[in-house]
Asks: 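The structure follows.
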There are 2 protein chains.
Amino acid sequence: MSLEGFIQDETPTAVVQRREASLGPLAASLRELLDATIRTTVDDEEIRAVRGEVEALVERLRVDQRDGTPGVRFNSEGYAWNWGNAVVGLGNAIAPPLGIVHEAPGRARAEVHLGAAYEGPPGLVHGGVSAMLLDHIMGETAANGFTRITFTGTLTLTYRRGTPLGPLHLEAHIDREEGRKVWVLASIGDVEGPTVEAEGVFIVPAWAG
Amino acid sequence: MSLEGFIQDETPTAVVQRREASLGPLAASLRELLDATIRTTVDDEEIRAVRGEVEALVERLRVDQRDGTPGVRFNSEGYAWNWGNAVVGLGNAIAPPLGIVHEAPGRARAEVHLGAAYEGPPGLVHGGVSAMLLDHIMGETAANGFTRITFTGTLTLTYRRGTPLGPLHLEAHIDREEGRKVWVLASIGDVEGPTVEAEGVFIVPAWAG
């Protein structure tokens, strides 16, 4: 573990936000394209034609690109951006993206709508997707409103019943702390209550203490 | 839980495989488009132009589509397809997709390359992504070569160190069984060994026993 990849980038916040206003909608449209690809019943010839168009778009975007990943960036104005993150990244079409509300230090919640792309058992959210979203909201909660960096130590998930695709609610809070260890409790669920409950131990690395 | 969504579909295997030969490459190209979107540095005007093209492709695919999700389908020839699955779905660009090899009943492994779209901490696989992939390979392992249906009961993940983006190896095996409960041990890691270890209890539902 190191701070490598947490990049101080003095792009002014206004410029960063202008980029977010173009990149965010592109990723949102890509999420639609993922969904349409899963659910389409158009013929094979049309599928191949669409693929050709997708490849042309890949070429256009790759004309100018970073060699590696974008990482996590921040400027001296106190603005941070994390567009590539698999769960909350504005520019990552894999991410729903999860919009996390930090209600108070050590307490967070999120509302999310999961569609066809997140399916595991028929009609249900993939158990691994629930684990992924819980891990993220718990990590951000452990980081206590981004005042420190934490890594997942252990994560224990208890699956109470199937999680239906559609609108879902997540919540997380710090249960207790001891030295560099932070215990977090969390759940994901629907209007009828939690479907998956989680307990995690998060570690504040010695170099970040 | 019910069998709703596990659909008997008497499409001949040859026809299913013809569809796989068009849908699989489209999803593969979409994965490239996701990666290019995360890493591109082309200007905002070009980003907006590409978005317009993506929206046009969404319209083309949605001309003819399923209302719901594709679910899991199987025919009497013994062929099953699960194109929408979030971890192994051939047609789901969120899925790497994980190619799982069932070496023996109750023992499986997979090799996977995770790129920018799976990032959490800079340069590292998102801890939630590791959890997601482990949950899936463990579930398939518990299902014992698809001879039964299982649901995740509990899952405990121990994060040993950061999981680097790049080539990774997963393995899983049944540790023991008791009634309708199946204990599975698994890990994900790189050439230096496991980065995340997992223990899961999977449940064979009473209706599927």
Side-chain angles (χ1 to χ4, degrees), chain A residues 1 5-6 22 25-27 29-30 32-34 36-42 44 47-48 50-51 53-55 57-58 60-66 69 71-72 84 86-87 91-94 116-120 122-123 126-129 131-132 135-136 152-159 162, chain B residues 1 5-6 22 25-27 29-30 32-34 36-42 44 47-48 50-51 53-55 57-58 60-66 69 71-72 84 86-87 91-94 116-120 122-123 126-129 131-132 135-136 152-159 162:
Chain A
M1 310 285 183
F6 289 91
S22 68
L26 171 56
S29 295
L30 273 181
E32 284 295 308
L33 189 54
L34 256 69
T37 298
I38 291 168
R39 295 169 54 208
T40 192
T41 50
V42 301
D44 290 341
I47 293 277
R48 276 189 289 270
V50 168
R51 186 202 178 193
E53 300 289 335
V54 168
E55 293 199 310
L57 297 179
V58 171
R60 284 172 66 174
L61 293 177
R62 292 214 192 281
V63 161
D64 207 351
Q65 69 172 14
R66 285 183 192 85
T69 61
V72 180
V87 175
N92 187 339
I94 284 185
Y118 299 98
E119 190 174 46
H126 194 293
V129 169
M132 177 172 72
D135 172 69
H136 192 97
T152 315
T154 62
L155 190 61
T156 303
L157 301 144
T158 304
Y159 290 78
Chain B
M1 312 283 182
F6 289 91
S22 68
L26 171 57
S29 295
L30 273 181
E32 285 294 308
L33 188 55
L34 258 68
T37 297
I38 291 168
R39 296 170 54 209
T40 192
T41 51
V42 300
D44 290 341
I47 293 277
R48 277 189 289 271
V50 168
R51 186 201 178 193
E53 300 290 335
V54 168
E55 293 199 312
L57 298 179
V58 171
R60 283 172 67 174
L61 294 177
R62 291 213 192 283
V63 161
D64 207 351
Q65 69 172 15
R66 286 183 191 84
T69 60
V72 181
V87 175
N92 187 341
I94 284 184
Y118 299 98
E119 191 176 44
H126 194 294
V129 169
M132 177 172 72
D135 172 68
H136 191 97
T152 315
T154 62
L155 191 61
T156 303
L157 301 144
T158 304
Y159 291 77

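Order of the sequence lines sets the chain letters (A, B, ...), proteins ahead of strands, with each chain counted from 1. Note that the structure is predicted; figures quoted are calculated from it, not measured.
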Asks: Among A:T158, A:V129, A:V87, A:L33, which residue forms the greatest number of heavy-atom pairs with chain B at distances under 4.5 Å?
Replies: A:L33
Asks: Would a 4.5 Å heavy-atom cut-off, applied to side chains only, mark B:Y118 and A:I94 as touching?
Replies: yes
Asks: Between B:L61 and A:V42, which heavy-atom pair has the shortest distance, and what is it?
Replies: O-CG1, 3.7 Å
Asks: Quick one: does A:T40's side chain have a donor or acceptor within less than 3.5 Å of a partner on B:D64's backbone?
Replies: yes
Asks: With the side chain counted from C-beta on, respond yes when A:L157 and B:T156 share a heavy-atom pair under 4.5 Å apart, and no when they do not.
Replies: no
Asks: Any side-chain heavy atom of B:L155 sitting closer than 4.5 Å to one from A:L155?
Replies: no
Asks: Give, for atom NE2 of A:H126 and atom NE2 of B:H136, the distance between the pair rounded to the nearest 0.5 Å.
Replies: 5.0 Å
Asks: Could you tell me the separation between the CZ atom of B:R48 and the CG atom of A:L26, rounded to the nearest 0.5 Å?
Replies: 11.0 Å
Asks: Rounded to the nearest 0.5 Å, what's the gap from CE on B:M132 to CG on A:D135? Could you check?
Replies: 11.5 Å
Asks: Measuring from atom CG of A:L57 to atom CG of B:L57, what distance do you get when rounded to the nearest 0.5 angstrom?
Replies: 6.0 Å
Asks: Donor-acceptor pair, distance only, cut-off 3.5 Å: does the side chain of A:D44 make one with the backbone of B:S22?
Replies: no
Asks: Output the option from A:A27, A:A117, A:G120, A:A131 having the highest count of non-hydrogen pairs under 4.5 Å with chain B.
Replies: A:A117
Asks: Out of B:L34, B:I38, B:V63, which one racks up the most heavy-atom pairs below 4.5 Å with chain A?
Replies: B:I38
Asks: So, the side chain of B:R39 versus the backbone of A:Q65: is there a donor-acceptor pair under 3.5 Å, distance only?
Replies: no
Asks: Among A:R51, A:R60, A:R62, find the residue that satisfies the salt bridge (charged side-chain N to carboxylate O under 4.0 Å, His left out) test when tested with B:E32.
Replies: A:R62
